[in-house]
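Within every chain, numbering begins at 1; the chains are lettered A, B, ... in the order of the sequence lines, protein sequences first and strands thereafter. Hydrogens, waters and symmetry mates are skipped; everything else that's a heavy atom, side chains included, is used. This one's a predicted model, so the numbers in the text were calculated from it and none came from an experiment.
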Amino acid sequence: QQQVKQSPQSLIVQKGGISIINCAYENTAFDYFPWYQQFPGKGPALLIAIRPDVSEKKEGRFTISFNKSAKQFSLHIMDSQPGDSATYFCAASIRAAGNKLTFGGGTRVLVKP
Amino acid sequence: DGGITQSPKYLFRKEGQNVTLSCEQNLNHDAMYWYRQDPGQGLRLIYYSQIVNDFQKGDIAEGYSVSREKKESFPLTVTSAQKNPTAFYLCASSIDIDRGETQYFGPGTRLLVL
């Protein structure tokens, strides 16, 4: 049973455009929602994270929007750059359950110059 | 230079062979994790350890084993019981289970079956 569903699987955006990736979760006990960025052949790196008591968090060109009632959260990449081309994973965890991360399936983003 | 190191970068396994993947961290983190990543898919948790000499099964532990004899080391053994071992294996660590949700990942080991 996939507890975190991510969409789309891939997207292409022009340089300067906005990339939007969506995730939906089922387990209402999740209390930590990070996004990871992964380049080919490398390990994932934490990009930005949010807790459910906040509806939005922004760090530079990256913004997480969180909708607790809909059990959805999304990543917005503003002013997308070719260097942003990577695979992005959303994840969720429960602090009381050992902080084990449950990952979405990933979104491959290609930013065209 | 702190971080997580994994070795080797590539590993080849023959039928019926056990292989061990190394994971070392010098971040002084208590918690360590092993994930498996298949092409085009997300990461799935194999095993995790909160403290030395303690570890728990994740979602896909069958065919794998781990040990945690030292704080900085968390090796993963892929046994012959794992029938489909070809994947990218990622090790991660966090400060501890209670205080640190952020997991930091190593560069990964790609395991291939001959």
Side-chain angles (χ1 to χ4, degrees), chain A residues 1-11 21 23-25 27 29-54 57 59 64 86-110, chain B residues 3-10 21 23-25 27 29-51 54-61 87-112:
Chain A
Q1 182 184 9
Q2 186 179 4
Q3 294 194 53
V4 179
K5 295 184 178 181
Q6 184 171 345
S7 63
Q9 286 187 310
S10 64
L11 71 92
I21 306 170
C23 283
Y25 62 96
N27 190 342
F30 286 138
D31 55 10
Y32 177 70
F33 302 88
W35 284 89
Y36 281 84
Q37 179 189 56
Q38 185 180 32
F39 293 104
K42 306 293 184 182
L46 180 68
L47 195 61
I48 187 172
I50 198 168
R51 299 183 192 279
D53 55 346
V54 176
K57 183 175 181 180
E59 290 184 3
I64 298 180
T87 299
Y88 293 82
F89 293 95
C90 62
S93 67
I94 305 169
R95 176 181 287 187
N99 282 324
K100 297 173 290 180
L101 288 170
T102 299
F103 282 85
T107 297
R108 183 173 292 185
V109 175
L110 176 63
Chain B
I4 302 174
T5 58
Q6 291 186 242
S7 62
K9 187 173 182 178
Y10 296 95
L21 285 61
C23 177
E24 303 277 332
Q25 53 97 1
L27 301 169
H29 285 174
D30 285 324
M32 297 187 73
Y33 308 80
W34 273 106
Y35 293 88
R36 169 181 171 140
Q37 184 175 27
D38 293 285
Q41 298 186 33
L43 286 69
R44 292 181 290 167
L45 183 65
I46 304 173
Y47 268 98
Y48 67 104
S49 168
Q50 300 184 39
I51 56 172
D54 182 65
F55 48 84
Q56 287 81 39
K57 293 181 179 180
D59 299 321
I60 55 166
F88 191 44
Y89 290 87
L90 290 155
C91 178
S93 71
S94 64
I95 293 176
D96 63 44
I97 293 291
D98 293 322
R99 292 181 295 135
E101 300 104 335
T102 301
Q103 293 185 22
Y104 300 88
F105 284 82
T109 292
R110 190 167 299 279
L111 177 61
L112 300 167

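- There is no contact between A:P34 and chain B, counting heavy-atom distances below 4.5 Å.
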task: Decide side chain to side chain contact (heavy atoms under 4.5 Å, CB included) for A:N99 and B:Y33; before the verdict, give the C-alpha distance in whole Å, the side-chain angles of both, and the deciding distance to 0.1 Å.
output: CA-CA 10 Å; A:N99 282 324; B:Y33 308 80; 4.1 Å; yes
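- If you tally non-hydrogen atom pairs under 4.5 Å between each of B:Y35, B:Y104, B:F105 and chain A, the highest count goes to B:F105.
- A heavy-atom distance below 4.5 Å is not found between the side chains of B:L43 and A:Y36.
- With a 4.5 Å cut-off on side-chain heavy atoms, A:Y32 and B:T102 count as touching.
- Top candidate by heavy-atom pairs under 4.5 Å with chain A, chosen from B:Q37, B:R44, B:R110, is B:Q37.
- The two residues B:F88 and A:K42 make their nearest non-hydrogen contact at CE2-O, 3.7 Å.
- Within 6.0 Å of CD in A:Q9 there are 12 or fewer heavy atoms belonging to other residues, nucleotides or ligands.
- Looking only at side-chain heavy atoms (C-beta outward), B:L90 and A:Q38 come within less than 4.5 Å of each other.
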